[in-house]
Every structure is written in structure tokens, then in C-alpha cells.
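Heads up, the thing below is written out as C-alpha cells.
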Number of protein chains: 2
Amino acid sequence: METLIRQSASDVTVCLKAVSDPTRLLMMKLVETNELCVCQFVEMFDMSQPAISQHLRKLKSAGLVKENRRGQWRFYSMNQESVHAPLLQNILSHIEDTDPQLLALRDKEMPVDCC
Amino acid sequence: METLIRQSASDVTVCLKAVSDPTRLLMMKLVETNELCVCQFVEMFDMSQPAISQHLRKLKSAGLVKENRRGQWRFYSMNQESVHAPLLQNILSHIEDTDPQLLALRDKEMPVDCC
DNA sequence: GACTTATATAACTGAATCGTTATATACTAA
DNA sequence: TTAGTATATAACGATTCAGTTATATAAGTC
């Protein structure tokens with residue numbers, strides 16, 4: 001059961017703006033349970049590396065993901081400590097696990113040493 | 001207790017894009033329980049009438065609000081029949097009732113024959 | 001050190017967004 | 001029918017956004 005933390009409307013807007021983009025929404029769904037590195041996102045979304053980096057920066061500056069550096073890689077995962085985490089998980093729970101886009105992305109998930 | 005209806009990621013994006021604007025998010029919070037006409041929004045948000053109309057059009061085309069014509073007025077209220085309604089109510093429930101912006105708006109609420 | 005790999009940042013472009021003012025439409029009332 | 005009120009739409013400008021390519025940074029390897 002999710003905790004209901006209430007926030008200001010402008011705080012909620014920060015979270016919504018961050019995930020109102022289809023790429024970033026799916027990214028969040030992917031890191032809800034997993035930890036993924038930039039090169040994995042690039043593979044999965046078939047998008048340029050800078051595009052992915054910029055999406056991740058937006059998610060990070062909204063506080064939705066946290067960054068974990070290991071070696072040359074930077075891993076991203078959902079920031080559970082964020083004030084937005086309860087709202088975000090709530091939103092993500094509305095996405096069906098059978099969503100074709102989501103399944104297609106997970107199909108393309110490669111091991112970390114992909115690149 | 002809210003029903004959890006799962007939707008496709010792109011459906012969720014439609015809803016999120018519609019309410020990721022601070023004005024529209026607050027509009028939805030206001031029509032969550034009330035039915036309001038355009039002129040009331042104009043008073044409350046201190047924004048031009050066309051700006052309000054355009055926000056309402058976006059909310060309507062996303063299916064989040066329904067329109068009710070009575071006389072010369074058009075009243076807007078939350079569309080409970082929408083597939084987005086459960087997600088939307090979930091999002092709105094994260095906004096604190098003591099939000100200063102929200103309180104300020106409700107303070108400015110005028111009777112329908114305001115204009 | 002030099003070279004490679006992973007990621008970030010900068011600079012740019014086209015499209016979308018949000019507001020404005022001006023105008024059109026629709027209903028009401030005299 | 002004419003005037004007034006409520007709302008919608010059109011056209012425009014400033015800003016933001018999401019992608020691109022080119023370049024910088026940082027870590028790993030030889």
C-alpha cells in the first residue's frame with residue numbers, strides 16, 4: 001500500500017512535467033524496479049546518447065532518479081527518498097504491464113557490457 | 001478507495017500532458033468537486049478569457065472535463081466517465097488542501113452571475 | 001603518457017506551448 | 001432586429017522542448 005504524502009500544487013507540477021514526456025515516463029517505469037546505465041537506455045530506446053542523457057538530467061533535476069557511478073558507467077534508478085516518489089509510483093501503477101511499448105523496450109534490454 | 005484501472009503508457013501520457021501545466025492542474029483540482037463556468041475561471045486565475053478557454057479545450061480534448069451548457073454559460077466539471085479519471089483523482093489527491101495557490105483561487109470564487 | 005569507452009555538455013533547429021489581441025459565434029433580452 | 005454578454009477561434013510572438021551533431025570530460029586500459 002502506498003503512502004499518501006500531500007505536496008503543494010507546484011511540487012506536483014514539477015513531477016508531472018518530468019514524466020509527461022513519453023520517453024521519460026517509460027524510463028521511469030523501467031527504473032522503478034531496475035537500475036540501468038545510459039548505454040542500456042540508448043540501446044532500448046534507439047535514440048542518440050545525448051538525447052538519453054538529457055532526459056536523464058531532467059529526471060534527476062526533478063529528483064525522480066538517483067545516479068550511481070560504478071566504473072565508467074552511471075546507473076540510474078528511482079529515487080525512493082524523493083517527495084515525489086509516492087505520487088510517481090502511483091502514476092506508474094496505472095501503466096499496464098502488458099503495454100506493448102514497455103514490452104518492446106524490455107525485450108531490447110541488454111547486459112551492462114553491451115556497449 | 002480509488003479503482004486502479006491500468007492503461008497504456010501513451011494513454012497515461014495524454015493525461016499527464018494535460019495536467020502538467022500549473023494552471024490546468026489547479027483547474028482540475030477546482031472542478032474535482034465543483035462545476036465552474038468560464039467567467040469564474042477568468043476571475044479566479046486573473047487571466048484573459050481566451051487563455052482560459054484554450055486551457056479548458058485542452059482538458060476537454062484529453063477527456064478530463066465535460067462541458068455542460070446552460071443558458072449563455074458553459075460549465076465545466078470533471079469527467080468521471082473518462083478512462084483517465086482514476087489516475088487523475090489519484091494525482092489530485094496528492095495536492096494538499098492547504099496549498100496556498102489553491103486557497104487563493106477558492107477565495108476569489110464568485111457566484112455564477114459574476115460577469 | 002596515449003587511446004578507448006562512457007557519459008555530459010554546448011550549440012543549434014524545428015516543433016510545440018502559452019500567453020496575447022482581434023474577431024467570430026451563440027445565446028439573451030429589449 | 002439590435003445590443004449585450006459569454007465563450008470560442010484565429011493569428012501572432014516569445015519561450016520552451018526534444019531531438020540532432022560536435023565537442024568536452026572522466027574513467028579504464030595499454
Side-chain angles (χ1 to χ4, degrees), chain A residues 9-10 13-28 30-31 35-62 64-77 101 109-115, chain B residues 9-10 13-28 30-31 35-62 64-77 101 109-115:
Chain A
S10 63
T13 303
V14 167
C15 179
L16 295 180
K17 280 181 112 61
V19 291
S20 63
D21 174 84
T23 301
R24 289 194 297 272
L25 181 65
L26 288 166
M27 283 175 135
M28 287 311 307
L30 292 171
V31 297
E35 193 187 41
L36 292 169
C37 79
V38 178
C39 63
Q40 289 176 301
F41 284 116
V42 172
E43 284 281 327
M44 295 163 92
F45 284 91
D46 195 32
M47 200 176 275
S48 75
Q49 175 268 316
I52 295 294
S53 267
Q54 285 161 30
H55 279 306
L56 286 169
R57 184 169 50 177
K58 288 196 179 183
L59 291 174
K60 196 185 165 201
S61 74
L64 305 193
V65 297
K66 58 183 176 190
E67 192 186 80
N68 213 331
R69 304 192 187 191
R70 280 203 304 280
Q72 19 180 195
W73 293 282
R74 300 200 186 180
F75 291 87
Y76 290 89
S77 56
Q101 286 184 281
E109 190 175 334
M110 294 289 186
V112 188
D113 57 323
C114 54
C115 319
Chain B
S10 64
T13 302
V14 167
C15 180
L16 295 180
K17 279 182 112 61
V19 291
S20 63
D21 173 85
T23 302
R24 289 195 297 272
L25 181 66
L26 288 166
M27 283 176 135
M28 286 312 307
L30 291 171
V31 298
E35 192 186 42
L36 291 169
C37 78
V38 178
C39 63
Q40 288 175 301
F41 284 116
V42 173
E43 286 279 329
M44 295 163 93
F45 284 90
D46 195 30
M47 199 177 277
S48 75
Q49 175 269 315
I52 295 294
S53 267
Q54 284 161 31
H55 280 305
L56 287 169
R57 183 169 50 176
K58 288 194 180 185
L59 292 173
K60 196 186 164 198
S61 73
L64 306 192
V65 297
K66 58 183 176 189
E67 192 187 81
N68 213 332
R69 303 191 187 191
R70 279 203 304 280
Q72 16 179 198
W73 293 282
R74 301 198 187 182
F75 291 87
Y76 290 89
S77 55
Q101 286 184 281
E109 189 176 332
M110 295 289 186
V112 190
D113 57 321
C114 55
C115 321

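Note on naming: letters A, B, ... go to the chains in the order of the sequence lines (proteins, then strands), and numbering restarts at 1 for each one. The figures that follow rest on heavy atoms only: side chains count, while hydrogens, waters and symmetry mates do not.
Among the atoms of the strands shown, only primed sugar atoms or phosphate atoms (P, OP1, OP2) are found under 4.0 Å from some heavy atom of B/R57. Among the atoms of the strands shown, only primed sugar atoms or phosphate atoms (P, OP1, OP2) are found under 4.0 Å from some heavy atom of A/K58. Backbone-only contact: B/Y76 has heavy atoms under 4.0 Å from sugar-phosphate atoms and none from a base. Within the nucleic acid shown, A/R24 comes within 4.0 Å of sugar-phosphate atoms alone, with no base atom in reach, counting heavy atoms only.
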Exercise for the section: Apply the test side chain to side chain contact (heavy atoms under 4.5 Å, CB included) to residues B/L59 and B/Y76: give CA-CA distance (whole Å), side-chain angles for both, the deciding distance (0.1 Å), then the verdict. Expected result: CA-CA 10 Å; B/L59 292 173; B/Y76 290 89; over 6 Å; no

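Distance alone, capped at 3.5 Å, places no donor-acceptor pair between the A/E43 side chain and the A/Q40 backbone. Side-chain N or O atoms of A/R24 include one that pairs as donor or acceptor with a backbone N or O of A/A18 at under 3.5 Å. Distance alone, capped at 3.5 Å, is enough to place a donor-acceptor pair between the B/S20 side chain and the B/K17 backbone.
B/H55 has a side-chain polar atom (N or O) that falls below the 4.0 Å cut-off from OP1 or OP2 of C/dG19. Put simply, B/R74 has a side-chain N or O that comes within less than 4.0 Å of OP1 or OP2 on D/dA8. For D/dT20, one of the phosphate oxygens OP1 or OP2 lies less than 4.0 angstrom from a side-chain nitrogen or oxygen of A/S48.
Nucleotide D/dA10 holds its P atom 14 Å from the CD atom of B/Q49, rounded to whole Å. Residue B/I52 contributes atom CD1, which lies 15 Å from atom P of D/dT9 at whole-angstrom precision. For the pair A/R70 CZ and D/dG28 P, the interatomic distance rounds to 13 Å; values are reported in whole Å. The interatomic distance linking B/R69 (CZ) with C/dA26 (P) rounds to 9 Å, in whole Å. Distance, A/M47 CE to C/dT7 P: 16 Å, rounded to whole Å. In this structure, the CG atom of B/D21 is 12 Å from the C1' atom of D/dT16, given to the nearest Å. The distance from atom CG of A/L59 to atom P of D/dA18 is 10 Å, rounded to the nearest whole Å. Taking atom CG on B/L56 and atom P on D/dA8, their separation rounds to 7 Å, with Å as the unit.
Of the two residues contacting DNA chain C, namely A/Q72 and B/Q54, the nearest-nucleotide position lying further toward the 5' end is that of A/Q72. Two residues, A/G71 and B/K17, neighbour DNA chain D, and the one matched to the more 5' nucleotide by heavy-atom proximity is B/K17.
Between A/Q54 atom CD and A/T23 atom OG1 the span is 12.0 Å, to the nearest 0.5 Å.
Nearest nucleotide to the side chain of B/P50, out of D/dA6, C/dT7, C/dT21: C/dT21.
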